[in-house]
Every structure is written in structure tokens, then in C-alpha cells.
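All remarks here apply to the structure that follows.
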There are 2 protein chains.
Amino acid sequence: MTASAPVVFVVDDDASVRKSLTRLISSAGYAVKTFASARDYLAHAPPKGPCCLILDVRMPGLTGLELQEALAGAAHRRSIVFITGHGDVSMSVKAMKGGAVDFLTKPFDSKDLLAAIQRAVAKDVRDRGDEAKVSDIQARVRTLTPRETEVFALVVTGMLNKQIGAALGIGEKTVKVHRARVMDKMRAGSVAELVRLADGLGVIAAKE
Amino acid sequence: MTASAPVVFVVDDDASVRKSLTRLISSAGYAVKTFASARDYLAHAPPKGPCCLILDVRMPGLTGLELQEALAGAAHRRSIVFITGHGDVSMSVKAMKGGAVDFLTKPFDSKDLLAAIQRAVAKDVRDRGDEAKVSDIQARVRTLTPRETEVFALVVTGMLNKQIGAALGIGEKTVKVHRARVMDKMRAGSVAELVRLADGLGVIAAKE
DNA sequence: GCGGCTATTGGACCAAAGTCCGATAGGGCG
DNA sequence: CGCCCTATCGGACTTTGGTCCAATAGCCGC
């Protein structure tokens, strides 16, 4: 498994459009997968590697915008580039507010699309990295016992062992034991690292 | 100086539009200031309290989009809501990519504009809070001597005093002295707080 | 009930951090 | 030339944090 090319998913009901987009995008070095409808795309297994989505806005069944909404609640974010023949302003604004990377109207310049794809893939890679980090940290947190979790929360507050013990109604000695286990389970080499792990849970997710 | 109402800055070359917008917006409880051109707005002193900008896209001289670009390099971010009579998709996409809160085409619903203003002001308040925090921290960092700054950087790495001393070619004892001064000047009560101050410099600014 | 996990603590001990004291030395400035 | 800031250390001491070994007790599942 070497690092393969990013995958561009194209969802468009027009077969000729799918064909021409496939030619254009694959010639730029991307892998391409096409779908004739939003439903077909949703039935497909979520992508594992770097990728982005090219959506036609107008489609029978779910529209591109509706697909975007449906994916907003999904586990990972997707980078979406919209293309449309009959776009209006409110449509494009809605798409962009929904986090779309770009919104192109036909006819568009090939290099504009490729540039948008590049940005979208880059965004996807960033998002994936963040998600991977967060879920990695969450996995470590889940290995903590309830008590360890409490101690963890107070340690990253900057409280002394003594104070933590008082707050939890246990001895300082016990705090030390839990604390050591927390450092071990969280794989933190110092308090500074531990604080970053704790803050990373919120910060990375919030940075949008 | 009590907490006064948020100020909505309206920039539009059409006097009748300015008048009707002023009526609408002030009736919703906002203070309103109008400008006939982008240049007039730029000549105006930057706002101190919560505010947002309503920009017409088409204007003689600098357009709304150009004003947005000009403000992008400014000290603080502005929350911008665009309104336009003849908007096209590429225009709206550009505005949204540039961080606009909304992009409305005339004729628009009054409540849509007021909702957009509300979101824009809320965003402005958030941004101002973040900027205030960052500049506060930066001010503290500036009071550090060069050596203290170096020690500061290494402490938040999680390094031990001994290691820091070795890295800087000074004794552990000296590190302690600097470290104590850093904690004092940065007003941090614990290493955890210090780490948050250090990380806050980057994180808050990056969260966009 | 036995084994394992969790939570709790004790003692001993070492390493690290923080706090007082004082000291030296170079640079910039009135 | 004194004065202050900065940077550098030393000693002495206390408080914290971390580690190792060992022990008790409750709970859960097989």
C-alpha cells in the first residue's frame, strides 16, 4: 500500500459530464470515481484516503446542496466543490456557508476546477489529520478509569497533587498513583504535553 | 460609557438605500453610521465596540469586494454582510471565500438582513474577544527579556530545568531564576497555565 | 470462591522545582 | 562615575513530584 493518488468523487446525473470531468481530472493525476446520483454516492463506502467531492447542484432526487447537508452530520467532513449550469446567488451563498471549498458555474475554466480540487484535497488532508489526532486522543482517554479521568481533569488545571486530593476527598499519595497512570496511558512525557492533549480535544475540533 | 448598542456601518452610494437601511436597522435597536463610498469608510476611525459592515458590492471608486480585500490586511477582522442589486455567482463566491458573513441580493427580506446582521455582530464579538486575549498575552511576552523568552519557549515544551540549562549553555540554577520571572511576568500560576498562554498565541489566531 | 481490575493508602527515597539569601559582571544611561 | 537592568551563579532549604515495593478492600465475571 503505497500512498496513492487522491480520489475525486464526481456526482452528476449527466453521463457526458461525468465522462468529460473524468478525463480532465484523471489527466491531472487524480483517481476519479463517478456517481449518477447523490443516493448512489451515499450508498458507497466512505473514502479512507485523501479525497474531495465534485457535486452538481441540480440533480434528480437529492440535490447537491441536500447531499452537502446530509454529509454535514457525518463522521468526517468532506471537501466539496460545486459545479452547476444554472447557479443563482442564494444557492452559491448557501453552499459556501455550508463549508464548500468553491462553487463554479458552467462553463468554467478547466484550470479553475483543478485549482479548486487542489484546495479541496488539501483541506481534506488537514481535516483528516485533525480528526485522526482527536480520535487518537479520545481513544487514550477511554482507557482511563473514572478516577483517573477526574485526576486528569484536575491536573491539566494546574492544581497541585495536594489540592487535587482535597478536591476529590482522597490522599495526596493516591493522587500520585493515578497521576502516574494518567501520564502513562495518555503517553505524555510532561505536564505540558498532557495539557496539550487535553486542550487539543476541544481546540482542534473548534477551529473549523 | 455604558455598554452601548452594536454599530452597523452601511456603505452604499445610493442615498435612498442608506436612508431606508438606516430606518430598518436602527428600528431593530442598532446604532447606524452610513458612508457614501468605500473611501469615506476607510477615512473613518476604526470602530472600538461591537459592530458589523453592510457593503454594497457595486459602487463608484472602490467596490465592496475591493474594500473587503483592503480590510483583510487590517489590524482586526470585520464582519461583512454584502448586499447588491446585480449580484452574480462568482461575485458572491469570492465574497464568501473572503470571509463574508452573508451575501444578499435585492430585493431581500428585512428579516434576512437583520438575521445576517445579528450573526455578523456575534462573529465580531467573538473575534474581538480573541484578538483582545492574544494582544494581552503578546503584551506580557514583550515584557520578557531575551533570555527569559528563550526559557519560556523551552519550559512550555515540557523540558526539565536541567535540560533547558544544557540547551542554552547555562546552569540549572540560572534557569530557575529566569523561570520564576517568566511565571511572574506572564501571570501564570502553574505550568499548565503557561502552556495555555503560549499555545493561545497560535491557536486562537488560527481558528478563524 | 477465585482471579483480575479498580481504588485506596503506607513507607522509603530520589529528583525536580520553588524560594530565600547573597554575589559578580557587563551594558546602557543620566 | 554611580545606578539600574540583565544575566549569571552559589548555598541552603522546603515543597512537590515521581518511583518502587507492598498492602487492603470492593466489585465483577467465570
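In what follows, chains carry the letters A, B, and so on, assigned in the order in which the sequence lines appear, proteins first and then strands, with residues in each chain numbered from 1.
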key: Protein-nucleotide distance (A:E193, atom CD; D:dG18, atom P), rounded to Å   = 13 Å

task = State whether B:H178 places a side-chain N or O below 4.0 Å from either non-bridging phosphate oxygen (OP1 or OP2) of D:dT8.
result = yes

inquiry  = Using heavy-atom distances to pick each residue's nearest nucleotide on DNA chain D, tell me which of B:K173 and B:E148 is more 5'.
reply    = B:E148

ask   = Taking only side-chain nitrogens and oxygens of A:N161, does any of them come within less than 4.0 Å of OP1 or OP2 of D:dT16?
value = no

ask   = Parallel, tilted or perpendicular for A:F82 and A:F103, by the 30°/60° rule?
value = tilted

request  = Choose from C:dA7, D:dT19, D:dT8 the nucleotide whose nearest atom is closest to any side-chain atom of A:A180.
outcome  = D:dT19

Backbone N/O of A:E172 and side chain of A:N161: donor-acceptor pair under 3.5 Å = no

query = Roughly, in whole Å, what's the span from CD1 in B:I164 to P in C:dA16?
reply = 12 Å

message = Whether B:K97 and A:D102 form a salt bridge (side-chain N of Lys/Arg under 4.0 Å from carboxylate O of Asp/Glu) is what I want to check.
response = yes

ask   = For D:dA7, does either OP1 or OP2 sit under 4.0 Å from a side-chain N or O belonging to B:T174?
value = no

ask   = Charged N to carboxylate O under 4.0 angstrom, A:D127 versus A:R78?
value = no

query = Among D:dA7, C:dA16, D:dT16, which is the nearest nucleotide to the side chain of B:P146?
reply = D:dA7

request  = Measure from CZ on B:R147 to C1' on C:dA25 and round the result to the nearest Å.
outcome  = 15 Å

ask   = When the nearest nucleotide of DNA chain C is assigned to A:K176 and to A:K185 on a heavy-atom basis, which residue is associated with the more 5' position?
value = A:K185

request  = Provide, to the nearest angstrom, the distance between the CZ atom belonging to A:R181 and the C1' atom belonging to D:dC20.
outcome  = 13 Å

ask   = Rounded to the nearest Å, what distance is computed from the CG atom of residue B:L160 to the C1' atom of nucleotide D:dT16?
value = 14 Å

request  = Send over the distance from A:L168 CG to C:dA7 C1', rounded to a whole Å.
outcome  = 12 Å

query = In whole Å, what is the span from the CZ atom of A:R179 to the P atom of D:dT16?
reply = 12 Å

ask   = If you measure from the Lys or Arg side-chain nitrogens to the Asp or Glu carboxylate oxygens, is any gap between B:R147 and B:E150 under 4.0 Å?
value = yes

remark   = Atom CD of A:E172 and atom C1' of D:dT19 are separated, to the nearest Å, by 14 Å

